[in-house]
Amino acid sequence: MKRSISMATAALLLVASVAHAATIRVPHDQPTIQAGINAASEGDTVLVACGTYYEHDIEMKSSVYLTSETGLADCVTVDAQQAGMVFSGNGVDDLASIVGFTITGGLGSDAGGMFCVTSSLTLMNRTFESNEGGHCGGVHCTGCSPTFTNCTFAGNQGEGSGGVRLSVGSPTLTGCTFAGNTGGRGGGIRCDSSSPTLTDCTFVGNVALYGGGMRCDNGSQPTLSDCTFTGNQAESGGGISCYGSSPPTLTDCVFYGNQASDDGGGMHRDDLSYPTLTGCTFAENQASRGGGISCHEQSPVMLASCTFVGNLADEGGGLWYDYSPYSTLTDCIVSFSPVGEAIYCRYVASTPELSCCDIYGNDGGDWVGCIAEQHGIDGNFSADPLFCDVSSGDFMLASGSPCLPDNNDCHVLIGAHAEGCAGSPAGKS
């Protein structure tokens, strides 16, 4: 009986709480966004009418739902006019949300768009555009685990990172886009001692010294799935750069047309970084060393069911290994590098272990150099993988491909893509 009374009382309290939640309209009830937040209590909604608001250093508070009237980013623009940072959140709880805003014109010594400390708020349908900051142009989160959904970071600039800097914490990013951001470490994102989870995110045209799309260091452990890196540029790691015990896990990600002036057109790993990649595609990336991937300083990489097509470099069109023992390639394709051999090893001790791999059509040689002795053993071979249409970026396999399970001795799918068109069998060697 006591339990029934307790549950009934709890239900009444919940109803009372909901009943007393208020909606504060800006500018109808309060003249500014900050005034609306200040007037809100726990559980209240601050509803902002579409338009442009010239405000800066807006402080978010816990348990408040801040939204534009449509919930879309193009409804409300908050322009700080470089008078300060746009938003901040200190100790904001996971019941707080900011939905449907474009944040621009922010300027700050730490971040231009938003600075969060020990906060776990939700950011949805937001655009951070043309903000400038010291540590980060767009958003800097430290000690935080916020949730970003359908957010866009475009044209932000930072002396540190361009779009987002994540320092300590486990943020979640879903369906986010990073485009045209510029930074020193991480054009799109820098992970600094953090372990974010990224799903279905796109990095395009970002520029940095290290990690055009993304930079991971200081023990960060990011997890990426279904993410795309296209046209990003850096000195090392055109798509991603990993340094210092930063073991990312990537699944079904695509690296296309990224560039590095030195190492790793698609990805660069250095100093005890141990990434694992499954089902990833590297196509038409370029660098001086390692068009697809470069591995330095005891940074082995575990590759499974990955496809490398048309990557180019002076050394290692597909992959380049410095002192990186214990690396493996399982069920992978490395093909059609117009410049450079498929795999290059600076030292014999760096030789990766290959099994059930198809190495074919690389201008500088296929089974040559450090991997020469692995040709013809452990299911390794050389044959045209018969992609459906390389010229249009279709790396699905023709029905006669030797990389399909019924057509190779390993009886497994080799590469990241399954059957997608008809075609005649290819001869193996």
Side-chain angles (χ1 to χ4, degrees), residues 73 77 79-82 84-87 102-116 123 126-142 148 151-167 171 173 176-192 194 196 198 201-218 220 222 224 227-243 246 255-268 270 285-287:
T77 296
D79 187 348
Q81 298 182 299
Q82 296 192 319
M85 184 169 54
V86 186
F87 272 91
T102 293
I103 306 304
T104 190
L107 178 65
S109 59
D110 197 295
M114 185 170 188
F115 182 43
C116 300
L123 306 176
R126 292 189 65 177
T127 295
F128 292 85
E129 183 175 18
S130 301
N131 300 287
E132 298 181 32
H135 288 136
C136 180
V139 176
H140 182 192
C141 296
T142 179
F148 297 84
C151 292
T152 297
F153 302 85
N156 301 287
Q157 299 182 39
E159 294 178 16
S161 53
V164 174
R165 179 174 178 176
L166 305 172
S167 304
L173 297 91
C176 294
T177 298
F178 300 82
N181 302 286
T182 304
R185 287 173 168 80
I189 292 181
R190 181 185 179 189
C191 304
D192 181 8
S194 65
L198 287 79
C201 292
T202 299
F203 297 77
V204 56
N206 302 286
V207 179
L209 185 62
Y210 306 109
M214 184 174 186
R215 167 76 169 186
C216 307
D217 51 21
N218 298 328
S220 296
L224 288 77
C227 293
T228 301
F229 295 79
T230 304
N232 303 286
Q233 299 180 40
E235 181 177 299
S236 65
I240 294 180
S241 173
C242 304
Y243 181 85
S246 301
F255 295 79
Y256 192 96
N258 303 285
Q259 298 182 27
S261 57
D262 289 341
D263 303 307
M267 174 182 284
H268 172 69
D270 204 345
N285 304 286
Q286 64 181 70

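Here the structure is a predicted model, which means the values were calculated and not measured.
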**OP:** Might you point out which heavy atoms bring Leu198 and Cys227 nearest each other, and give the distance in Å?
**Re:** O-SG, 3.8 Å

Subject >> Non-hydrogen side-chain atoms of Pro196 and Cys191 separated by less than 4.5 Å >> reply: yes

**OP:** With the side chain counted from C-beta on, respond yes when Leu173 and Ile189 share a heavy-atom pair under 4.5 Å apart, and no when they do not.
**Re:** yes

Original post:
What heavy-atom pair brings Ala234 and Leu209 nearest, and what distance separates the two atoms?
Top reply: CB-O, 3.7 Å

Original post:
To the nearest 0.5 Å, what is the distance between CZ (Arg185) and OG (Ser161)?
Top reply: 11.0 Å

Subject >> Phe229 and Ile240, any side-chain heavy atoms less than 4.5 Å apart >> reply: yes

Original post:
Which atom pair, heavy atoms only, marks the closest approach of Gly105 to Ala80?
Top reply: O-CB, 3.4 Å

**OP:** May I ask you to say whether Arg215 pairs ionically with Asp192, meaning some side-chain N is under 4.0 Å from a carboxylate O?
**Re:** no

**OP:** Find the distance between SG (Cys141) and CE (Met114) and round it off to the nearest 0.5 Å.
**Re:** 7.0 Å

Subject >> Flag if over 12 foreign heavy atoms under 6.0 Å of CD, Glu159 >> reply: no

**OP:** Please answer whether the main-chain N or O of Gln259 pairs with a side-chain N or O of Asn232 as donor and acceptor at a distance below 3.5 Å.
**Re:** no

Subject >> Closest non-hydrogen atom pair, Ala260 against Gly237 >> reply: CB-N, 4.0 Å

Subject >> NZ or CZ of Arg190 within 45° of Tyr210 ring axis and under 6.0 Å >> reply: no

Original post:
Side chain of Asn156, backbone of Gly162: donor and acceptor closer than 3.5 Å?
Top reply: no

Original post:
Please walk me through it: do Ser167 and His140 pass side-chain hydrogen bond (donor to acceptor under 3.5 Å, both in side chains)?
Top reply: CA-CA 8 Å; Ser167 304; His140 182 192; 3.1 Å; yes

**OP:** For the pair Met214 and Leu224, evaluate side-chain contact (heavy atoms from CB on, under 4.5 Å) and give the outcome as yes or no after the intermediate values.
**Re:** CA-CA 11 Å; Met214 184 174 186; Leu224 288 77; 3.9 Å; yes

**OP:** May I ask you to decide if Glu129's main-chain N or O and Thr104's side chain share a donor-acceptor pair within less than 3.5 Å?
**Re:** yes

Original post:
Under the 3.5 angstrom rule, does the side chain of Asn206 hit a backbone N or O of Phe178 as a donor-acceptor pair?
Top reply: yes

Original post:
Just how far is it from atom CG of Asp263 to atom NE2 of His268, taken to the nearest 0.5 Å?
Top reply: 5.0 Å

Original post:
Would you find a donor on one side and an acceptor on the other, under 3.5 Å apart, between the side chain of Asp262 and the backbone of Ser236?
Top reply: no

Subject >> Under 3.5 Å: donor-acceptor pair, side chain of Asn285, backbone of Phe255 >> reply: yes

**OP:** Please say which of Val164, Val139, Thr152 ends up in a side-chain contact (heavy atoms from CB on, under 4.5 Å) with Phe128.
**Re:** Val139

Original post:
Taking all non-hydrogen atoms of both residues, which atom of Ala287 and which atom of Gly265 are closest, and how far apart?
Top reply: CB-N, 3.4 Å

**OP:** Please round to the nearest 0.5 Å and tell me the distance separating atom CG of Asp110 and atom SG of Cys116.
**Re:** 10.5 Å

Subject >> Closest approach of Cys151 to Leu123 (non-hydrogen atoms, all atoms of both residues) >> reply: SG-O, 3.4 Å

Subject >> Spatial distance of atom CZ (Arg165) from atom CZ (Phe115) [nearest 0.5 Å] >> reply: 9.5 Å

Original post:
Sub-3.5 Å donor-acceptor pair from the side chain of Asp79 to the main-chain atoms of Ile103, do we have one?
Top reply: no

Original post:
Do side-chain atoms of Ser220 reach the backbone of Ser194 as a donor and acceptor pair under 3.5 angstrom?
Top reply: yes

Subject >> Phe153 vs Asn131 side-chain heavy atoms within contact, under 4.5 Å >> reply: no

